[in-house]
Each structure stands twice: as C-alpha cells, then as structure tokens.
There are 2 protein chains.
Amino acid sequence: MNLAIGDLSRRTGVKIPTIRYYEQIGLLPSPARTEGQQRRYGPDELHRLNFIRHARELGFEVDAIRQLLGLASDPGRSCGEVHDITKTHLAEVNHKIARLSALRDELEAMVACDNRRISECRIIEVLADHGECQHRQH
Amino acid sequence: MNLAIGDLSRRTGVKIPTIRYYEQIGLLPSPARTEGQQRRYGPDELHRLNFIRHARELGFEVDAIRQLLGLASDPGRSCGEVHDITKTHLAEVNHKIARLSALRDELEAMVACDNRRISECRIIEVLADHGECQHRQH
DNA sequence: ACTACGACCTCTAGCGGCTAGAGGTTCAAG
DNA sequence: CTTGAACCTCTAGCCGCTAGAGGTCGTAGT
Ligand SMILES: [Zn+2]
Ligand SMILES: [Zn+2]
Ligand SMILES: [Zn+2]
Ligand SMILES: [Zn+2]
C-alpha cells in the first residue's frame, strides 16, 4: 500500500489541507516522499489518521489526542491515563450540556413573546437586562 | 456621566481589549475622545455594551447581535425578525445539545472499560474503530 | 508648577482547528 | 512526449477574543 495524500484523504474522510496541518503540528509523522517531494503513506499512517479523525468526531482536543496516541503505542501499560483523559473530556461535555440546556430554557422563555412591536418585545427586554433572566448566571 | 474605558469595563464586566475589539468590528460606535485621544463613554454606550455582553452570554454570535442592535433601535417595527434570529439560535443550541448528548452516551460507554492494559482497553478500541460505536454517526 | 504613576493609546501577534487560494511542480495515462 | 489532474509550499483568513511591547495621557499630591 502506497497512498498519495488524495487517496489517504478519500479513505479517511479527512481533507487534504487538514492532513498537511496535522503533519505540521506533529500529530501525524512526516511520511515518506517521492523524488519529487510528494507524500506517500502506508497502513500505519492510515490507522493513525483514522484514530485521529474518530477522536476528533468524539470531541477530543488535538492535545488530548496527542497524549492518547502516545499511550496507545505502549500496549503493556496501564490504561489509567487513557481513562483520566476520557473522564476529563466527559466532564467537559457534561458541563457544556448543562450550560446549553440553561441557555435553551432561557431562549424558549424569550421566544414565547407574543407582542408585535420591538418596543414591547420580550426578547429585546431580556437582552437589555439580565435581571429578566430565569437563571441567575449563564 | 463620562466614563473612561476602564470604568466602562468595570461597569459591564467586559474586558478593555474586548471593548476596543468591539469598536474595531463596528459593534460599538467610536466614542468621543479627549484631546489626548482617550475614549470617553456615556450612558448610550453603557447600555449598548450591556446588551452586547448579555447577548454574548446567551450565545448569540456577533453578527446576530449586530442585527439585533439594528432592529432594537427601531421601536415601532415588528419584532418578527428578532424572533427569527432567536429561533435560529435556539435551533442551533438544540442541535448542539443533541450532538453533545450522543457524545456523552458514547463516552460513558467507553469509560465503563474495566481492563487494566492499553492492549485491551475499550477506549482505545473504540477510538480506533468507529464500528464499535453505538451511534452510527456523530 | 511639577512630578509620579496608573491608566490609557496603537500596533502586532497569538490561541484552536482548520480552510482557501496563488503560483508553481510532479506524476501517470495515453 | 504531451497533457492535465494531482500534488507542492507559502501565506492569509475564519471567530472572538487575549496578551504584550513600547509609548503617551491624565490627575492627585506636594
Ligand atoms: Zn417579540
Ligand atoms: Zn441573563
Ligand atoms: Zn481501559
Ligand atoms: Zn464513532
């Protein structure tokens, strides 16, 4: 298997500039090159990029992925650190959900406005004055 | 009332560089200046910045806020457009909540791994293969 | 009136995670 | 050997700020 960057892109669903970006930030290793300096990838890079893509889809930050990749390359090691990273990420996801849910409640109360004019619109009133909000903090 | 930028910052909770940034992108109008070119703000700018800050806290994008401010300055107008903007934003918030909730489920299933080693860790397995995921798409 | 110093000024660059374009080169099929 | 799609590098842009360098202003105290 000897893939050009476009092949790798099609197989992983990661866009070409993104692949080059990942190389630039050290997330993907510098691949072999042809004499004309074109990149050629093998199965290792394919797996690694699939891993990266999936972790990104699951919301992990690039720095967390870097750590996960480092740990994953050491099969005999305890998976405790992997769990720590994942739990930290899960906590952030839960935090975001909580914040967005509060936002949703607030916005739903706002769109319940049935006035016709800006001068009396509930949405504008609430935006102008946080005291009108249901939650004390956002 | 004749506020220096630091006073305005303390009264609104918006950081000084952010205030200057809002001016630069045309969200806040250019204020009066002293002879030495220092900014001086009055009550209008104070209210406007409070509005901006609150809308940002409620997750509205800067461009939406620009539109909202334009509409808010026209009291006799129908508030239909304000509602459209808010409903669009609410839909995006709901979409994000749905996506994050799916992520949370996936991550919770992953952290349920009770193995000890990387070589058998459920988290690493799932990251390496989306086929292991519960949801078909993220 | 003068000094000290905190608050202000502009300008530039950086964050994360890409994405897009210009302008030039290489590869592979016919 | 020619064509043209695919590749290369480099730079800049997106959003919404945030930070720093290096210099000027305003005002309180003496
Ligand atoms: Zn209304
Ligand atoms: Zn509020
Ligand atoms: Zn594990
Ligand atoms: Zn998956």
Peer 1: Which residues pass the ring-ring contact (aromatic ring centres under 6.0 Å, His included) test with B:Phe60, sequence neighbours left out?
Peer 2: B:His89
Peer 1: Do A:Asn50 and A:Leu46 pass the side chain to side chain contact (heavy atoms under 4.5 Å, CB included) test, and can you show the C-alpha distance, the side-chain angles, and the key distance before you say yes or no?
Peer 2: CA-CA 6 Å; A:Asn50 273 323; A:Leu46 179 60; 4.1 Å; yes
Peer 1: Going by the rule side chain to side chain donor-acceptor pair (under 3.5 Å), which residues pair with A:Arg53 if we only count those two or more places apart in sequence or in a different chain?
Peer 2: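 A:Arg53 satisfies side chain to side chain donor-acceptor pair (under 3.5 Å) with A:Glu57 once adjacent residues are dropped.
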Peer 1: Can you check the A:Leu3 CG to C:dA28 P distance for me, whole Å?
Peer 2: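 About 13 Å, once rounded to whole Å.
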Peer 1: Expressed in angstrom and rounded to an integer, what is the separation of B:Glu35 atom CD from D:dT24 atom P?
Peer 2: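 Rounding to the nearest Å, CD of B:Glu35 and P of D:dT24 are 17 Å apart.
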Peer 1: Show every side chain to side chain donor-acceptor pair (under 3.5 Å) that has at least one partner inside residues 92-121 of chain B, sequence neighbours left out.
Peer 2: B:Glu106-B:His135
Peer 1: If the sugar-phosphate is the primed atoms plus P, OP1 and OP2 and the base is the rest, what is the B/S/- string for nucleotides 3-13 of chain C, using protein heavy atoms under 4.0 Å?
Peer 2: -----SSB---
Peer 1: What residues form a ring-ring contact (aromatic ring centres under 6.0 Å, His included) with B:His47, not counting sequence neighbours?
Peer 2: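 By the ring-ring contact (aromatic ring centres under 6.0 Å, His included) rule, B:His47 matches no residue at all.
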Peer 1: Could you list the residues that satisfy side-chain contact (heavy atoms from CB on, under 4.5 Å) with A:Asp63, not counting sequence neighbours?
Peer 2: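 With sequence neighbours excluded, A:Asp63 shows a side-chain contact (heavy atoms from CB on, under 4.5 Å) to A:Arg66, A:Gln67, given in chain and number order.
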Peer 1: Can you sort out which residues in residues 90-100 of chain A have a heavy atom within less than 4.0 Å of DNA chain D? Ascending by number, please.
Peer 2: none
Peer 1: Looking at A:Thr34, I'd like to know whether one of its side-chain N or O atoms comes within less than 4.0 Å of OP1 or OP2 on C:dC27.
Peer 2: yes
Peer 1: Just to verify, what does A:Asp84 make a side chain to side chain donor-acceptor pair (under 3.5 Å) with, not counting sequence neighbours?
Peer 2: none
Peer 1: Report the residues that fulfil side chain to side chain donor-acceptor pair (under 3.5 Å) with B:Asp44, sequence neighbours left out, ordered by chain and then residue number.
Peer 2: none
Peer 1: What's the CD-C1' distance between A:Glu57 and C:dC18, to the nearest Å?
Peer 2: 15 Å
Peer 1: Return each pair, listed once, that meets salt bridge (Lys or Arg N to Asp or Glu O under 4.0 Å) where at least one residue sits in residues 12-41 of chain B; pairs must be two or more places apart or across chains.
Peer 2: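 For residues 12-41 of chain B: B:Glu23-B:Arg33, B:Glu23-B:Arg39.
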Peer 1: Can you pull every protein N or O that's under 3.5 Å from an N or O on nucleotides 15-17 of chain D?
Peer 2:
{"unit_1": "D:dC17", "atom_1": "OP2", "unit_2": "B:Tyr22", "atom_2": "OH", "d": "2.8"}
{"unit_1": "D:dC17", "atom_1": "OP2", "unit_2": "B:Arg56", "atom_2": "NE", "d": "2.7"}

Peer 1: Which label fits B:His54 and A:His130: parallel for a plane angle under 30°, tilted from 30 to 60°, or perpendicular past 60°?
Peer 2: perpendicular
Peer 1: Between A:Leu49 (CG) and C:dC18 (C1'), how many Å, whole number?
Peer 2: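 After rounding, the gap between these two atoms is 14 Å.
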Peer 1: Just jot down the side-chain contact (heavy atoms from CB on, under 4.5 Å) partners of A:Tyr21, sequence neighbours excluded, or say none.
Peer 2: A:Ile25
